[in-house]
Structure formats: structure tokens, C-alpha cells
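Presented below is the structure to which this report refers.
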Amino acid sequence: MSTLVLALIAGAAIGTALGALGGGGSVLAVPALIYLLGFSPASATTAALIIVAATSSTALYAHARDGNVAWRVGVLFALAGIGPAFLAGAAAGRLPPAVLTGAFSVLAALSALRMLRPTGSEPAGRVRPARAAGAGAGLGAVTGFLGVGGGFLAVPALVGVLGLRMKQAVGTSLLVISLNSLAALTARTGADGDLRWEVIAPFAGAAILGAWDGKRLASRITGQALQRVFAFVLLAVAAVMLIDVIV
């Protein structure tokens with residue numbers, strides 16, 4: 001199968017995940033870029049940020065149009081995490097890749113189990129700014145440490161910690177991902193010249209189109225079903241990564 005076809009298929013799958021679930025983009029994009037498209041790990045993480053930033057921004061527009069974005073909470077959440085993300089990223093560079101991958105898989109599994117547990121979420125309007133900033137700072141530190149966009153962690157935090165409804169958490173997560181990805185890209189400007197734009201461009205284009213399909217999918221199923229789908233996706237990702245560390 002040609003590189004172009006693989007890029008289009010992977011992009012469509014990742015866009016659908018971002019549009020429907022509000023996360024999972026970088027978790028899926030980085031392995032796809034490395035194992036399917038032959039990117040180096042360093043180039044893959046930068047390319048994934050470009051793809052996820054473009055896709056999440058597009059999906060954000062669609063969710064905002066339907067009123068499923070808590071703007072104040074999302075901005076506080078994202079801005080509070082930028083500083084901790086930079087500091088944690090510097091610390092992560094001193095640890096072996098296997099340790100980071102193992103930590104990533106465990107955290108993904110714990111987040112999934114939390115999503116599967118019934119919770120009595122409070123109404124979205126009662127979310128406190130201090131809680132949003134605190135959760136955002138914690139998420140920023142974790143995602144900076146593990147080198148991912150953070151959507152797969154932002155959605156559980158927005159639902160379980162801040163009490164947003166699932167569909168609103170999905171839309172707000174896209175705002176967080178967009179801001180975090182752009183900040184990370186700014187920090188990486190000029191640091192990696194090994195980007196293959198002939199692959200990144202069609203990958204991103206397919207992801208953007210997939211995000212619209214994901215948004216339509218999200219509008220047709222209940223928030224509880226969406227939450228369960230998201231949790232099972234996280235469990236699958238955690239299992240694959242843990243197997244990779246062990247083997």
C-alpha cells in the first residue's frame with residue numbers, strides 16, 4: 001500500500017476520533033507516523049502536533065456552533081497548563097523511553113477506568129475557575145511529561161473533576177488541544193527540519209474531513225455511550241503500549 005493511501009486512511013481515522021471523542025489524536029497519530037509512515041520519533045511528535053492542531057481547530061468550530069464549548073473553563077484549563085507542560089517536558093528528557101511509555105499506558109488505563117465508573121457530575125454552570133486552573137496545571141504537567149496533546153486526559157478531567165457534560169467536555173477539550181498544540185509548536189519552531197510535508201499535508205487534510213464525520217457521529221449518540229466508547233479506546237491504547245514496553 002502506498003504512503004499516500006496510508007496517510008489518508010490514518011488521517012481519516014484520527015480526525016474521526018478527534019471530532020467524535022475530543023481526544024485521542026496524538027495518541028493515535030504518533031504511532032501511525034512512526035510504524036506506518038516511517039517517521040523518526042522526534043519528527044513524528046512534531047508532525048502530530050501540526051496535524052492535531054489543524055484538525056482540532058476545525059472540529060472546535062463545529063462543536064462551538066452547537067454550543068458545546070465552555071470557553072471560559074477551556075481557556076483557563078489550557079493557559080494554566082502551558083508553564084507546567086514546558087517544565088515537565090524538560091524533566092522527561094532525562095528518563096528512558098520505556099519508563100515514559102509505561103507511565104503513559106498506566107495513566108491511560110486509569111483515565112479509562114475513571115470514565116467507566118458512574119459519576120454524579122454537577123451542572124456545567126457551577127464549575128469554579130480555580131478548579132479549572134488547578135486541573136489544567138496538573139494536566140499540563142502530565143501531558144508535558146508524556147509528550148502528547150492531552151485530549152485523552154482532558155476529557156476525563158473535564159467530566160470527572162469539573163463536572164461538564166460529556167458532549168460539552170468533548171467540545172471544550174478541542175479548545176484545550178488547539179491551544180496546547182499551538183504552544184508546543186511555537187516552542188519547537190526551527191528544531192526539526194526532517195518533516196515530510198508531502199505526507200503531513202494529505203494526512204492533515206484527511207483528518208480535517210474525518211473530524212466533520214466524527215462530529216456528526218457524536219451528535220447521533222448519547223453522552224453516556226460516547227463516554228464508554230472513549231474509555232474503551234483508551235484501554236486499547238494502554239494495552240498496546242504496555243505490550244510494546246514488555247516485549
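Atoms considered below: every heavy atom in the structure, side chains included; atoms not considered: hydrogens, waters and symmetry mates. For clarity, every value in this text was computed on a predicted model and none was experimentally measured.
- Of all the heavy atoms in Ala135 and Phe77, the pair that sits closest is CB-CE1, 3.6 Å.
- Separation of atoms OH (Tyr61) and CG (Asp66) is listed at 10.0 Å; rounding is to 0.5 Å.
- Shown here for Val159 and Ala169, the closest heavy-atom pair between the two residues is CG2-CB, 3.5 Å.
- Under the 4.5 Å side-chain heavy-atom criterion for grouping Ile, Leu, Val, Met, Phe, Trp and Tyr, Leu79 is connected to Trp71 within one hydrophobic cluster.
- Distance check: Ser56 OG to Leu182 CG gives 7.5 Å after rounding to the nearest 0.5 Å.
- By the criterion of side-chain heavy atoms lying less than 4.5 angstrom apart, applied directly or through intervening Ile, Leu, Val, Met, Phe, Trp or Tyr residues, Ile82 is grouped together with Val52 in one hydrophobic cluster.
- Remark: the backbone N or O of Ser43 is not paired with any side-chain donor or acceptor of Thr46 at under 3.5 angstrom.
- In this structure, Leu110 is not a member of the same hydrophobic cluster as Leu242, with clusters built from ILVMFWY side-chain heavy atoms closer than 4.5 Å.
- Contact of the Val75 side chain with the Leu175 side chain is registered, since non-hydrogen atoms from C-beta on lie closer than 4.5 Å.
- Put simply, Val240 and Leu36 are part of two different groups of oily side chains (I, L, V, M, F, W, Y) that touch within less than 4.5 Å, one to the next.
- Atom OG1 of Thr55 sits about 8.5 Å away from atom CD1 of Ile14, to the nearest 0.5 Å.
- Taking CG of Leu76 as the start and CG of Leu162 as the end, the distance is 10.0 Å to the nearest 0.5 Å.
- Arg65 places no side-chain N or O within donor-acceptor distance of the main-chain N or O of Leu60, the cut-off being under 3.5 Å.
- Ala70 is linked by a side-chain contact (heavy atoms from CB on, under 4.5 Å) to Val73, Leu164, Gln168, Thr172, counting only residues two or more places apart in sequence or in another chain.
- In this structure, CG in Leu37 is found 6.5 Å from CZ in Arg196, a value given to the nearest 0.5 Å.
- Listed by chain and number, the residues in a side-chain contact (heavy atoms from CB on, under 4.5 Å) with Ile34 are Val30, Pro41, Ala44 (sequence neighbours excluded).
- Residues Val155 and Met166 are in side-chain contact: their nearest non-hydrogen atoms beyond the backbone lie under 4.5 Å apart.
- Here the closest heavy-atom approach between residue Leu33 and residue Ala48 is recorded as CD1-N, 3.7 Å.
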> Run the side chain to side chain contact (heavy atoms under 4.5 Å, CB included) check on Phe39 and Val199 step by step: do they pass?
Replying inline: CA-CA 10 Å; Phe39 278 63; Val199 176; 3.9 Å; yes
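- Taking all atoms of both residues into account, the shortest heavy-atom contact from Ala133 to Ala80 is O-CB, 3.1 Å.
- Contact record, Leu174 with Ser178: O-OG, 2.8 Å, taken as the closest heavy-atom pair.
- In terms of heavy atoms, Ala109 sits closest to Ala238 at N-CB, 3.8 Å.
- Cluster annotation: Ile208 and Leu8 are assigned to distinct hydrophobic clusters (Ile/Leu/Val/Met/Phe/Trp/Tyr, side-chain heavy-atom contacts under 4.5 Å, transitive).
- Rounding to the nearest 0.5 angstrom, the gap separating the CD1 atom in Ile9 from the CZ atom in Phe203 is 11.0 Å.
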